[in-house]
Amino acid sequence: MAVWIFSKTQGAEHLNLRQFFSTALACLPMVFILNIAQAQETITISGSTTVAPIASRAAEAFLVNRPEIRILVNGGGSGVGINAVGSGLAQIGMASRMITPRELSRFERSQLKAHAVGRDGVACAISASIYNAGVRALTREQIAGIYLGKIKNWSALGGPDSAIVVIDKERHRGTRHVFMNYVFGDANARTPGARLVTGSNNEERAKIAQSDAAIGMLSLAWLNDAVKGVAIQEGDARIEPSVANVRSGAYPITRDLLFVTAGEPVGAVKEFMEFIYGPKGKEIVVDSGYIPIERP
Amino acid sequence: MNVLEKRPTDPLFWFSALSAGLTLLIGLGFYVYLFWASWPLWRDHSLSFFTSTDWFPGESYGALAMIYGSVMVSTLALVTALPFALAGAVTASEFLSPRLRLVFKAAMELMAGVPGIVYGLLGAALLALWVKDWFGLIDGNTLFTAGILLGVMILPTIMTLAEDAIHSVPREFRETAASLGLPPLQAFFRVVFPQALPGIVGAVLLGLGRALGETIAVMLVIGGLDMIPSPWFDWFAPGQSIPSKLGREAAEAIGSGMHWNALLGLGCALFSGSMLLTGFGSYLLRRRQR
């Protein structure tokens, strides 16, 4: 239609170029449709950024033998993952916490099923300069005091005289649920002492590393030289956040890493899940910094 | 009375009219949908949505902190950008040689097209740390940081559009002013500037629109706390703007009842705010021209 209008109203000398562009524009949607038709099956995975490394590495390895399948891995957080699979936006949702009863009832029709693929600990992470200045362990009460805004300076905890930059996470994040559950016994606890709110593990780690006086919560696999995990002091015991302590069950803040599907997985999703529970998948879980779990 | 000036036989008319109608319809549809979909919020909370600062999904939805953050950050951005934008526009239009002016314009337009996320990355990696060091703060993710970053971001947009407005004032105006003996400075402020003002206001409004709607750049440096600092003008405190709130919570809340309604309500507030601004801007202009 556009071509016709131009030919009626404009001189003929520019017609060819116009015609070309109009035709190209009209063909664009068709190109997309063809593209979609070509890929046989697409698995969309979204959710927890803690679980995402497992999913993307597994996808890469899985697709070597199945090039006709497409796998898309997105972040967003556990709440987003469960929401996405519950409302049919994704085939697999990643979650680093249990599905809450509220979510189960909200997505009752989708029959959410959780598949634990790994185990992980949540560290209370602090800036390296505070760690190196001598803050090596915190009790649950101390962490709670910090997040409630009652303890405001590192000097009260054996550290340097420096205000504490308290970093909280978005409320729907799995890491926050697990951490707050330990500290306050309430996954949705309010934290009046917070100074910053971050989202993904990457963002949280970057903000802690940028500051020299920060405290936050981070999956064990994300700790590095700039962001250190303090030990949890329980009575006389000082429990280091280490893979060994998570494996033995000594470390108190742990969670299962979940792949969530709507009902039992079928087709390519089922194949992918089996791949993750297989020997190569277990290797990937370990490489990502987590502890593999046997298929229940 | 016939509202159409030309007889609608030309196929070009039908095509353009269709496009115009579609645009109007989509704009209106957006607004109606936002109101309709956030209706449960207005029904249950009505005014308290605008007066409370407590936002806790599942319990309470108060938008005041986000509205405050948006106003604060956009104002800061405008105050930062406006002097530089106008000075740059005047320089480019009145003093640069035609060739240099084109180079300058091309650079501005290139910068105006840089996506927000790029500014966000630079803001999070550099500006937040600089602000922290310059002002001796415990942390650099503040309303101030977001405002400055937005100011830098909207600067090229305002500058290039304002320059267009100034440059499009016909040469005769300047020549007549000069021949009447007005010195260049006076000629500019008494003759050229008033002529260009509608265009400049339009440029500012477009820049402000970009600032109001910017999500990711603000989200990365504003701190993400739903609070109004005390005292309220303490811009070195963390805060939250409406788009950054939506960016952080939208994906999780889709279809989740009141939480979703409340986020749509925030969108409604943002939409109304920018419409009010645009309306106010064009009202001012119309009053001037009378």
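Below, chains carry the letters A, B, ... as their sequence lines are ordered, and counting in each starts from 1.
At least one side-chain heavy atom of A/Asp212 sits under 4.5 Å from a side-chain heavy atom of B/Lys132. Side-chain contact between B/Asp54 and A/Arg190: present, with at least one pair of heavy atoms (C-beta onward) separated by less than 4.5 Å.
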Full working for side chain to side chain contact (heavy atoms under 4.5 Å, CB included) between A/Leu196 and B/Leu225: CA-CA 6 Å; A/Leu196 280 181; B/Leu225 276 192; over 6 Å; no
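For a residue to count as touching a neighbouring chain, one of its non-hydrogen atoms must lie under 4.5 Å from one of that chain's; by this rule A/Thr198 touches chain B with the backbone only. Of the atoms belonging to A/Ala213, not a single heavy atom falls under 4.5 Å from chain B. In this structure, chain B has heavy atoms under 4.5 Å from both the backbone and the side chain of A/Arg195. Neither the backbone nor the side chain of A/Asp168 comes within contact range of chain B; no heavy atom of the residue lies under 4.5 Å from a heavy atom of that chain. For A/Ile82, no part lies under 4.5 angstrom from a heavy atom of chain B. When heavy atoms are compared at a cutoff of 4.5 Å, A/Glu203 approaches chain B solely by way of its side chain, counted from C-beta outward.
Between the side chain of A/Asn83 and the backbone N or O of B/Glu252, at least one donor-acceptor pair lies under 3.5 Å. At distances below 3.5 Å, at least one donor-acceptor pair connects side-chain atoms of A/Gln210 with backbone N or O atoms of B/Ala124.
Separating the OG atom in A/Ser211 from the CG atom in B/Leu137 is a distance of 11.5 Å, to the nearest 0.5 Å.
The one candidate from A/His172, A/Glu170, A/Arg171 that meets the side-chain contact (heavy atoms from CB on, under 4.5 Å) condition with B/Arg248 is A/Glu170.
Between A/Val165 and B/Ile138 the shortest heavy-atom distance is CG2-O, 3.3 Å.
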